[in-house]
Number of protein chains: 2
Amino acid sequence: MTKYLSPQYEDVKPMLTAVDCIIFGIQETKLKLLVFKREVEPFAGCLSLLGRFVKVEESVSEAAERILFELTGLENIYMEQLHCFGRFDRDPGGRVVAIAYWSLIRVDQNHLEFNVRSHETKWISIDRISELVLDHGEMAELAIANLREKARFRPIGFELLPEEFTLRQLLMVYEAILDHPIDSRNFRKKLLNSGLLIPLTKKDKSTSKKGSFLYKFNQETYQKLSQEGYSFGF
Amino acid sequence: MTKYLSPQYEDVKPMLTAVDCIIFGIQETKLKLLVFKREVEPFAGCLSLLGRFVKVEESVSEAAERILFELTGLENIYMEQLHCFGRFDRDPGGRVVAIAYWSLIRVDQNHLEFNVRSHETKWISIDRISELVLDHGEMAELAIANLREKARFRPIGFELLPEEFTLRQLLMVYEAILDHPIDSRNFRKKLLNSGLLIPLTKKDKSTSKKGSFLYKFNQETYQKLSQEGYSFGF
DNA sequence: ACAAAAGTGTTCAGAGTACACCCATGT
DNA sequence: ACATGGGTGTACTCTGAACACTTTTGT
């Protein structure tokens, strides 16, 4: 550490940096949160977000990806930095600055892997947020607000779905995120005109006799609209 | 530090935490950035954001307020956390995690104080951002994007104006932030119908013979619209 | 009288919203 | 034949966007 970085004050000291992950998924048409139940004191029995410390030789964003991978086995996941939580007394064990990240994962595809990898992780309903330990409840609340805001202007709903999906599935994702019913005719109209969907000839017959057409994302339009913003004002 | 916080890995070590401030103001109808010119090596001569380290016994947000105060003499300023910049090699002097904050200040009211307090601070045009040291350019770019985004949906333009202001001043603030001309008739119509403005009987005669009416913010509507969001889609 | 900024209305196009019925198919 | 979810179209309202002239008053 060179001289110009030497603290300006006596009371400037290095502190631990942690990453906490708010992981969203959808199960049974409801928005869920991936957490684990602490088994050790303090706070045994409380629910906790998935978190770990940042290593000195890795960037915070690398740490976030590593931590997500270590705890869920998943890579290449939609992940976004939420906020830095820096109350000096947020962790009774000592000074820890936490950087919170949130991510969206495709539950149906991947949920098997969690059970293998991680001890006590489980999906909880978002109305159990108050049971979270430390300031994790605050983190999760903010993440939900952020997700909802984002969902209204960026086409992130897709991140929660498998490659091929039906319009109804997409609609249900948005209903789950925004937590209110959406008119299916207006939804179809808008999405089909958006250029975001590539219609396939295949049908998914698992939910009805008639079967419903499958779609893929149009990655190109997706990229463009991600930047420009697109109003999902439902 | 209690046992449960002991690092899970050898290479988890505490690190310095800094706050860097992106401070926006408006001068001559242009959006400006408050920076200072480094005089010491390394990077002497480069422009730098205002930043300092976080103390162990203060929260990160407290640090942000303290640092803004120490460097500008200003308190009770609109301030918002932007992002945590955590590249492991972002500072060649050692591992420093930076939390960037941005704020809006009323230049005309307060600009005297800066000159007194701080050595080498000055306002620069936002197209000189590339001259900033380290990753400060990245920070400032992100802050501007954030400010513009925010300005479109929250009535933050007011934060850059004195208590009493004319509609033209408000319009110019938005033109400065969004960096494009705005139709004054549509702007007036919308703002006057928004309930955000309390018309005063006074006129400001400094800019024209006719004089233009002064307004105050309606704090109540302001609070409400800050939460609900309000589209300044100009 | 004139210069300089303040103030004022209307029309048009596009987007969101509300709303109800027929279609295809497996059993 | 019928039950189940899939798919479709229209009318109304609201909001944003474009656009040019009159008013006030100090000099």
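When reading the values below, keep in mind they use all heavy atoms of this one structure, side chains included, and skip hydrogens, waters and symmetry mates. Model, not experiment: these values are computed from the prediction. Convention: sequence-line order gives letters A, B, ...; per-chain numbering from 1.
- For the pair K205(A) and S184(A), nearest-nucleotide mapping onto DNA chain C gives the more 5' position to S184(A).
- K210(B) contributes a side-chain N or O that forms a donor-acceptor pair with the base of dA6(C) under 3.5 Å.
- The side chain of R185(A) has dA20(C) as its nearest neighbour among dA20(D), dT17(C), dA20(C).
- In the set dG9(D), dG5(D), dG16(C), the nucleotide with an atom closest to the side chain of T207(A) is dG5(D).
- Side-chain rings of F187(B) and F234(B) approach one another, their centers coming within less than 6.0 Å.
- The NZ-P distance, from K203(B) to dG26(D), rounds to 10 Å in whole Å.
- Distance, N186(A) CG to dT10(D) P: 14 Å, rounded to whole Å.
- The backbone N or O of I182(A) lies less than 3.5 Å from a partner atom in the side chain of E175(A), making a donor-acceptor pair.
- Nearest-nucleotide mapping onto DNA chain D: of S208(B) and K189(A), the residue sitting toward the 5' end is K189(A).
- Rounding to whole angstrom units, CG of residue D204(A) and P of dT25(C) are separated by 15 Å.
- The closest side-chain donor-acceptor pair between Y78(A) and E80(A) falls under 3.5 angstrom.
- When the P atom of dG6(D) is taken as reference, atom CG of L167(A) falls 10 Å away, rounded to whole Å.
- Considering only heavy atoms from C-beta on, F213(B) stays 4.5 Å or farther from T201(B) through its side chain.
- One cannot find a donor-acceptor pair under 3.5 Å joining the base of dT24(D) and the side-chain atoms of K209(B).
- What separates CG of L214(A) from P of dG5(D) is a distance of 18 Å, to the nearest Å.
- D183(A) places a side-chain N or O within donor-acceptor distance of the main-chain N or O of N186(A), the cut-off being under 3.5 Å.
- Atom C1' of nucleotide dG7(C) and atom CG of L171(B) are separated by 13 Å, given to the nearest angstrom.
- Across dC19(C), dT27(D), dA6(C), the shortest atom-to-atom separation from the side chain of R188(B) is found for dA6(C).
- Note on R168(A): a side-chain N or O is less than 4.0 Å away from OP1 or OP2 of dG6(D).
- Between K190(A) atom NZ and dA15(C) atom P there is a gap of 9 Å when expressed in whole angstrom units.
- Here the P atom of nucleotide dA24(C) and the CZ atom of F213(A) are 11 Å apart, to the nearest Å.
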